[in-house]
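Numbers for residues simply follow the sequence, beginning at 1. Keep in mind that what you see is a predicted model, and the values were worked out from it rather than measured.
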Amino acid sequence: MSAIVEFYGYYVKDPTVDWKKVVENQVDKYTGKRSIKIRKSEATQTIGTTVVRVGKDPRDLIVDPTRFLEAGKVFVDCLHLLKNHEPGNELHLVPEMPIPGGNVDFFLVSARDGKVIDFVGIELQALDTTGSLWSERLLLLKELGLNTDTEIEKKNFGINWKMTAKTTLVQLHHKLSTFEHLNKHFVLVLQDHLLNYMEREFDFSAMNEPPRAGDSMQIHAYRHQINEYDTTIKLSRRLSTDIEGVAKSLGLRAEAKVELEIIVDRLEKRISDFTRFTPITS
């Protein structure tokens, strides 16, 4: 049986899905765009694996960050961090904007008359895999009745817990210095299983739960939940800290730099009618 639980964002046991169409289009359910994960040996072919089930005590693990985009939930859950947002302001989502320390996945922006009033940085963190998921994909297609003739050479894959966690904390430290210097919030969105691993393996003694509104670093952990023929994500835990807390987890010293005007200028150049954020209410 294939380890894939969600394929291009669709639950593999959902009887309403037209799998032939999904495989032909290779479009991710949550972005409405072609899946970004490409097979290295075949550039025209995407992988499409969103959630996998692994382990002796099986857990469903999110391996594609687009899974967190369901109904804009993770962005709505950050609205309270826009301290200067007022009724009448417009909300914008600006993706993939560079700052000192690296790119930020999304900026949730409050703006009025094209001017930035406030913003929150948001990073989506899925789990990295090792080995190849391709044989799992082929096996799933066979189970769905779409690939009955191909012989499948079973290849192993795994979850790179240590590298994912370490890389995440290092990148947080680099980027958070910018947000803390500007007195703005930076939010890490991840699955509850990854947060649990990080708490076991790193020094999280400086993390605050429940979170403190004044902490620059906010952590939102989501639980992946299966209903009868559908799946969803739900916010399960919130923590917070500052750059010293992130540095403590890595044994590093914190730094702060960058001017507010640089970020505001870049955001104002990016916001438009196309970036306007409209939460899905049904």
Side-chain angles (χ1 to χ4, degrees), residues 1-54 59-75 93 95-97 102-106 122-161 163-164 167-168 171 189-191 193-194 222 224 226 229-233 274 280:
M1 185 173 182
S2 174
I4 298 174
V5 175
E6 288 187 29
F7 193 46
Y8 291 103
Y10 298 91
Y11 182 38
V12 296
K13 293 185 179 180
D14 184 345
T16 67
V17 177
D18 183 344
W19 290 109
K20 187 175 185 294
K21 183 178 179 180
V22 168
V23 174
E24 288 176 351
N25 294 341
Q26 302 183 60
V27 172
D28 184 274
K29 175 182 177 180
Y30 298 107
T31 65
K33 300 177 181 178
R34 191 170 186 265
S35 179
I36 59 175
K37 290 193 174 183
I38 308 296
R39 191 185 186 197
K40 293 179 181 178
S41 61
E42 192 176 354
T44 60
Q45 183 61 65
T46 58
I47 305 297
T49 304
T50 313
V51 178
V52 295
R53 181 168 296 162
V54 296
R59 291 178 292 177
D60 295 343
L61 304 177
I62 296 173
V63 295
D64 188 330
T66 62
R67 182 60 187 84
F68 291 110
L69 298 180
E70 177 190 330
K73 290 179 181 181
V74 298
F75 306 118
L93 271 180
E96 287 293 323
M97 200 183 82
N103 284 357
V104 174
D105 287 341
F106 290 94
I122 302 170
E123 195 82 3
L124 310 181
Q125 183 60 59
L127 280 156
D128 294 326
T129 57
T130 59
S132 175
L133 281 166
W134 190 250
S135 62
E136 298 295 334
R137 187 186 196 277
L138 294 177
L139 182 57
L140 176 63
L141 293 181
K142 190 171 185 177
E143 292 170 359
L144 295 172
L146 299 176
N147 188 27
T148 56
D149 298 329
T150 304
E151 287 192 19
I152 301 171
E153 181 185 354
K154 185 73 172 179
K155 294 184 178 180
N156 293 327
F157 78 95
I159 303 297
N160 201 342
W161 292 95
M163 183 58 68
T164 302
T167 302
T168 298
Q171 291 177 347
V189 172
L190 76 174
Q191 193 176 0
H193 295 311
L194 177 55
Y222 287 79
H224 180 268
I226 295 179
Y229 293 120
D230 198 7
T231 66
T232 190
I233 57 169
F274 298 103
I280 298 176

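Note that OG1 of Thr231 and NZ of Lys13 are 12.5 Å apart. Values are rounded to the nearest 0.5 Å. Rounded to the nearest 0.5 Å, atoms CD1 (Ile47) and CD1 (Ile36) are 12.0 Å apart. With rounding to the nearest 0.5 Å, the separation of CG in Leu140 from OG in Ser135 is 11.5 Å. Separation of atoms NE2 (His193) and CD1 (Ile159) is listed at 11.0 Å; rounding is to 0.5 Å. The CG atom of Asn103 lies 8.5 Å from the CD atom of Glu123; values are rounded to the nearest 0.5 Å. Taking CZ of Phe157 as the start and OG1 of Thr130 as the end, the distance is 8.5 Å to the nearest 0.5 Å.
Looking only at side-chain heavy atoms (C-beta outward), Arg34 and Thr46 come within less than 4.5 Å of each other. Using a 4.5 Å heavy-atom cutoff, the side chains of Ile233 and Phe68 are in contact. Within the 4.5 Å cutoff, side-chain heavy atoms of Val23 are placed close to those of Leu146. Leu194 is listed as a side-chain neighbour of Thr164, based on a closest heavy-atom distance under 4.5 Å. Counting heavy atoms from C-beta on, the side chains of Phe7 and Trp19 come closer than 4.5 Å. Residues Leu133 and Arg137 have side chains not in contact (no heavy-atom distance under 4.5 Å, counting atoms from C-beta outward). Side-chain contact between Val51 and Leu61 is absent, with no heavy atoms from C-beta onward closer than 4.5 Å. Contact of the Tyr222 side chain with the Ile62 side chain is not registered, since no non-hydrogen atoms from C-beta on lie closer than 4.5 Å.
Between the Glu6 side chain and the Gly48 main chain, no donor and acceptor come within less than 3.5 Å of each other. A donor-acceptor pair is defined here as one N or O able to donate and one able to accept, closer than 3.5 Å; no such pair exists between the side chain of Arg53 and the backbone of Ile4. Proximity of a side-chain donor or acceptor of Ser2 to a complementary backbone N or O of Glu136 within less than 3.5 Å is detected. Within the 3.5 Å criterion, the main-chain N or O of Thr16 finds a donor-acceptor partner in the side chain of Asp14. In terms of modelled atom types and a separation under 3.5 Å, the side chain of Lys37 and the main chain of Thr49 share no donor-acceptor contact.
Outside the 6.0 Å centre-distance limit, the rings of Tyr11 and Tyr229 are not counted as a close aromatic pair.
In terms of heavy atoms, Val63 sits closest to Val52 at CG1-CG2, 3.9 Å.
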Side chain to side chain donor-acceptor pair (under 3.5 Å) between Gln26 and Gln45, intermediate numbers included: CA-CA 8 Å; Gln26 302 183 60; Gln45 183 61 65; 3.3 Å; yes
message: Does Leu69 form a side-chain contact (heavy atoms from CB on, under 4.5 Å) with Phe106? I'd like the steps, not just the answer.
response: CA-CA 11 Å; Leu69 298 180; Phe106 290 94; 4.1 Å; yes
message: Using side-chain contact (heavy atoms from CB on, under 4.5 Å), reason through Asp60 and Val5 one step at a time and then give a plain yes or no.
response: CA-CA 7 Å; Asp60 295 343; Val5 175; 3.6 Å; yes
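Side chains of Glu70 and Thr232: a donor on one and an acceptor on the other come within 3.5 Å.
Residues satisfying the salt bridge (charged side-chain N to carboxylate O under 4.0 Å, His left out) criterion with Glu96, sequence neighbours excluded, are absent altogether. Residues passing the salt bridge (charged side-chain N to carboxylate O under 4.0 Å, His left out) test with Arg59, sequence neighbours excluded: none. With sequence neighbours excluded, the residues that form a side-chain hydrogen bond (donor to acceptor under 3.5 Å, both in side chains) with Tyr30 are Arg67.
In this structure, Asp18 places its CG atom where more than 12 heavy-atom neighbours from other residues, nucleotides or ligands lie under 6.0 Å away.
Checked for salt-bridge contact, Glu24 and Lys21 miss the test: no charged N lies under 4.0 Å from a carboxylate O.
Just one of Thr31, Thr50, Asp28 meets the side-chain hydrogen bond (donor to acceptor under 3.5 Å, both in side chains) condition when paired with Thr66; it is Asp28.
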